[in-house]
Amino acid sequence: MEQSKLLESKKAKAILGFFLLITAVLTLLRLVNLDADMPSNITSSATLYGDEGTYASNALKYFYTGNWYVIGDFNYPVHYPVYFVLEVIVFKLFGASFETVRAISAVSAVLVIFTIWLIVQPRVSNLAAAITTFLISSNYLFFAFSRYGQADIPTLLFVVLSLACLLLGKTTPASWRTILSALLLVSAILTKTTAVFAIPVLLVLIWQQQQTAKNRAIHLAIFLGIISLIFTVYYILLVKPYFADYQRIATSLKYRFYNTVNAILLSFWKQFKFGSYKISRLVYASALISGLFLLVSWKEIRDKLLVMISLVWLASGSFVLSLSSYQPPRYFSHLVVPLAILVGIGIDHLIRVNRVKEMCIIGYLMLGIVLFASLQGIVKITQYMVSPQYSMYRMSEDIHRQIEAEKIPLPLLLGSIGQNVTLANGLPSVGGAFVYGLDTDLLLKYHHPTHYLTLGPVVNSRSYILTKAGYQLKLIKKYDVLNNYVEGRQVHLYQMLKKR
């Protein structure tokens with residue numbers, strides 16, 4: 001009997017070791033070839049052509065000129081100051097490039113996975129932590145956008161660290177953990193505003209951790225007071241002095257939001273469909289089933305608190321997404337974490353804790369399903385990583401050569417794609433706001449761009465604005481970039497000739 005148990009223990013350790021090895025490989029693999037193209041099958045929107053450079057534009061300007069402010073254009077530090085600071089630090093230390101801006105997300109993803117292990121393993125089990133981190137690391141959506149130079153994954157890291165402050169470090173006084181958690185949540189929101197989804201998650205966690213009404217009131221007051229204080233300072237120092245810039249970005253976003261309760265509720269209901277499609281139908285369905293089962297078995301589960309905050313996270317995150325009609329796949333990447341936690345705890349409960357044989361069989365069946373879903377993700381990750389493409393980088397280098405050959409004294413690219421070129425090689429650019437038709441007269445009059453980059457031929461509305469400003473466009477070259485995934489459109493490079 002003892003020998004049988006010993007063999008079973010060795011088998012369990014071998015399986016756990018295998019899980020951890022694959023998780024470690026997948027976790028670190030996202031750090032390789034960061035200058036390669038993003039997978040063009042990950043989204044249908046044109047975001048991959050210019051958003052990395054656009055959101056890094058102020059940090060790039062600061063890196064090359066020492067001044068972050070751009071007249072007439074989007075000034076993202078007013079909305080997202082923490083992400084701007086992260087970019088500036090990384091650019092100063094390692095230079096500005098696709099690799100460095102994407103490294104912020106890639107390293108953040110590694111830290112997210114490691115921190116989730118630290119949270120789940122001591123509270124539940126090695127098995128639950130291994131399944132959870134394996135699901136996160138092998139998810140294709142999460143993998144792809146952890147290699148993307150945007151704020152989504154760094155924001156998630158701040159949220160996870162905020163949770164970790166409250167769930168770990170029991171030797172530290174509770175008040176200090178609450179203060180640090182609030183500071184990290186503010187950092188998350190000032191990295192990307194969608195992190196507001198985490199407020200109810202953390203409030204529920206604080207409420208559940210404190211046993212008396214007095215302690216609950218004190219810690220909630222500390223938490224909310226710090227958030228209110230920092231946002232008051234943020235308003236005084238950034239929003240008020242740069243209110244026109246704050247409003248310019250807000251104006252570009254406001255058309256996305258629903259303005260009726262019915263529309264929001266319908267959108268919230270659809271989140272389950274959208275989420276399962278964009279993350280993984282099998283993982284999403286398994287997480288919902290696990291969540292329901294854990295609620296039914298509430299008295300028996302090992303960590304009620306972790307299950308509770310995962311369910312609140314899933315509901316709150318889905319609700320914040322439902323407020324807007326614009327829901328690109330990367331917005332769903334943070335939901336991979338609570339879904340994976342629910343699956344990990346659910347399978348652990350069915351296999352290890354529940355003594356009913358039929359329940360164990362269901363647990364192993366669910367484990368097989370999520371392993372199959374993860375295998376699909378691993379296949380996609382492998383296919384992407386073994387054949388990297390560099391069309392964005394090569395286009396950027398060719399544009400640099402084209403413009404150098406023209407010997408124009410002060411070349412300046414117009415448009416968000418041009419800002420990706422700046423990220424690649426430092427060629428100056430402006431005009432993320434031009435895409436939205438905001439303050440175009442001021443932008444053109446002040447900056448005098450010399451070239452215009454568009455996805456497909458220039459549209460009539462932009463052509464009218466440029467003609468009115470006294471420009472003629474001369475097509476120089478077309479480029480095949482990212483497999484022309486947006487309706488087969490090529491990137492067009494125009495020279496902007498000023499009429500005399």
Side-chain angles (χ1 to χ4, degrees), residues 34-38 46-77 80 83-105 147-151 245 249 390-406 408-436 438 440 443-444 446-455 462 476-477 479 481-482 491-496:
L34 284 172
D35 56 341
D37 289 345
M38 284 287 292
T47 180
L48 303 183
Y49 283 95
D51 275 17
E52 290 175 295
T54 298
Y55 280 84
S57 57
N58 297 100
L60 289 167
K61 189 172 192 296
Y62 185 81
F63 175 72
Y64 285 112
T65 70
N67 176 29
W68 65 271
Y69 190 80
V70 184
I71 293 173
D73 205 358
F74 289 145
N75 286 292
Y76 286 105
Y80 315 119
Y83 190 56
F84 167 75
V85 170
L86 286 174
E87 289 178 316
V88 167
I89 291 170
V90 170
F91 291 168
K92 286 290 184 183
L93 290 174
F94 306 106
S97 66
F98 280 123
E99 295 100 318
T100 52
V101 77
R102 291 172 178 176
I104 298 172
S105 293
R147 295 169 51 84
Y148 186 53
Q150 267 277 20
D245 297 284
I249 295 173
Y390 297 90
S391 61
M392 180 67 74
Y393 181 79
R394 286 170 182 157
M395 176 199 72
S396 301
E397 291 302 297
D398 187 74
I399 288 171
H400 196 277
R401 287 191 295 269
Q402 291 274 350
I403 293 176
E404 270 192 340
E406 294 172 8
I408 295 174
L410 296 171
L412 182 64
L413 300 173
L414 176 66
S416 59
I417 302 176
Q419 292 174 317
N420 258 21
V421 175
T422 306
L423 190 55
N425 55 40
L427 193 64
S429 63
V430 73
F434 186 79
V435 177
Y436 293 87
L438 299 171
T440 54
L443 190 145
L444 293 170
Y446 186 85
H447 294 287
H448 309 292
T450 59
H451 295 79
Y452 185 27
L453 275 167
T454 66
L455 185 58
R462 301 295 173 267
I476 296 176
K477 195 169 182 178
Y479 296 92
V481 182
L482 300 173
V491 174
H492 288 54
L493 172 64
Y494 294 93
Q495 185 175 3
M496 298 173 64

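This chain uses plain numbering: 1 for the first residue, then up along the sequence. All values derive from a computational prediction rather than experimental measurement.
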Check your understanding: Closest heavy-atom contact between Asn67 and Tyr69?
Key -> OD1-N, 3.3 Å
Exercise for review: List the atom of Val491, the atom of Leu455, and the distance in Å for their closest heavy-atom pair.
Suggested key: CG2-CD1, 4.2 Å
**Study point:** Minimum heavy-atom distance Gly149-Glu52, with the two atoms named
**Key:** N-OE2, 2.8 Å
Point to revise | Shortest non-hydrogen contact from Gly72 toward Ala433 | key: O-CB, 4.1 Å
Check your understanding: Could you give the distance from NE2 (His451) to CE (Met496), rounded to the nearest 0.5 Å?
Key -> 10.0 Å
Check your understanding: Which atom pair, heavy atoms only, marks the closest approach of Leu443 to Gly431?
Key -> CD1-CA, 3.8 Å
Check your understanding: Should Thr47 and Tyr148 count as side-chain neighbours, where that means a heavy-atom distance under 4.5 Å?
Key -> yes
Point to revise | Side-chain donor/acceptor of Asn75 to backbone N/O of Asp245, under 3.5 Å | key: no
**Study point:** Met38 side, atom CE; Gln150 side, atom CD - distance, nearest 0.5 Å
**Key:** 10.0 Å
Point to revise | Heavy-atom side-chain proximity of Phe434 to Leu444 below 4.5 angstrom | key: yes
Exercise for review: Please answer whether the main-chain N or O of Gly432 pairs with a side-chain N or O of Ser416 as donor and acceptor at a distance below 3.5 Å.
Suggested key: no
Practice item. Report the C-alpha distance between Ile71 and His447 in whole Å, list the side-chain angles of each, state the deciding distance to 0.1 Å, and finish with yes or no for side-chain contact (heavy atoms from CB on, under 4.5 Å). Key: CA-CA 8 Å; Ile71 293 173; His447 294 287; 4.3 Å; yes
Review point. Of Thr54, Thr422, Asp73, which is the lone residue that meets side chain to side chain donor-acceptor pair (under 3.5 Å) with Ser429?
Key: Thr422
Practice item. Give the intermediate values and the outcome of side-chain contact (heavy atoms from CB on, under 4.5 Å) for residues Leu60 and Leu423. Key: CA-CA 7 Å; Leu60 289 167; Leu423 190 55; 3.9 Å; yes
Point to revise | Tyr80 atom OH, neighbour heavy-atom count above 12 within 6.0 Å | key: yes
Exercise for review: Could you grab the distance from atom OG of Ser105 to atom CZ of Arg147, nearest 0.5 Å is fine?
Suggested key: 11.0 Å
Point to revise | Partners meeting ring-ring contact (aromatic ring centres under 6.0 Å, His included) with Tyr55 (sequence neighbours left out) | key: Tyr76
Check your understanding: Among side-chain atoms of Ser396 and Asn425, is any donor-acceptor pair under 3.5 angstrom?
Key -> no
Revision key, fill the gap. One should read off an interatomic distance between Tyr479 OH and Leu453 CG, to the nearest 0.5 angstrom, of 8.0 Å
Check your understanding: Would you call Arg102 and Asp35 a salt bridge, taking side-chain N to carboxylate O under 4.0 Å as the test?
Key -> no
Review point. Got a donor-acceptor contact below 3.5 angstrom from the Arg462 side chain to the Thr454 backbone?
Key: no
**Study point:** Option among Leu493, Val421, Leu482 that satisfies the side-chain contact (heavy atoms from CB on, under 4.5 Å) test with Met395
**Key:** Val421
Practice item. Answer yes or no: is there a donor N or O on one side and an acceptor on the other, between the side chain of Thr450 and the main chain of Leu412, under 3.5 Å? Key: yes
**Study point:** Atom pair CD/CD1 of Glu404 and Ile399 - distance to nearest 0.5 Å
**Key:** 13.0 Å
Review point. Looking at Gln419 and Ser57, what are the two nearest heavy atoms and their distance?
Key: NE2-CB, 3.6 Å
Please set out all donor-acceptor pairs under 3.5 angstrom arising from side-chain atoms of residues 84-101, sequence neighbours excluded.
unit_1 : atom_1 : unit_2 : atom_2 : d
Ser97  : OG     : Glu99  : N      : 3.3
Ser97  : OG     : Glu99  : OE1    : 3.2
Ser97  : OG     : Thr100 : N      : 3.2
Ser97  : OG     : Thr100 : OG1    : 3.2
Thr100 : OG1    : Gly95  : O      : 2.9
Thr100 : OG1    : Ser97  : N      : 3.0
Thr100 : OG1    : Ser97  : O      : 3.1

Review point. Can you tell me how far the CD atom of Gln495 sits from the OH atom of Tyr452, to the nearest 0.5 Å?
Key: 15.5 Å
Practice item. Give a yes or no on this: more than 12 heavy atoms of other residues, nucleotides or ligands lie within 6.0 Å of atom CZ of Phe63. Key: yes
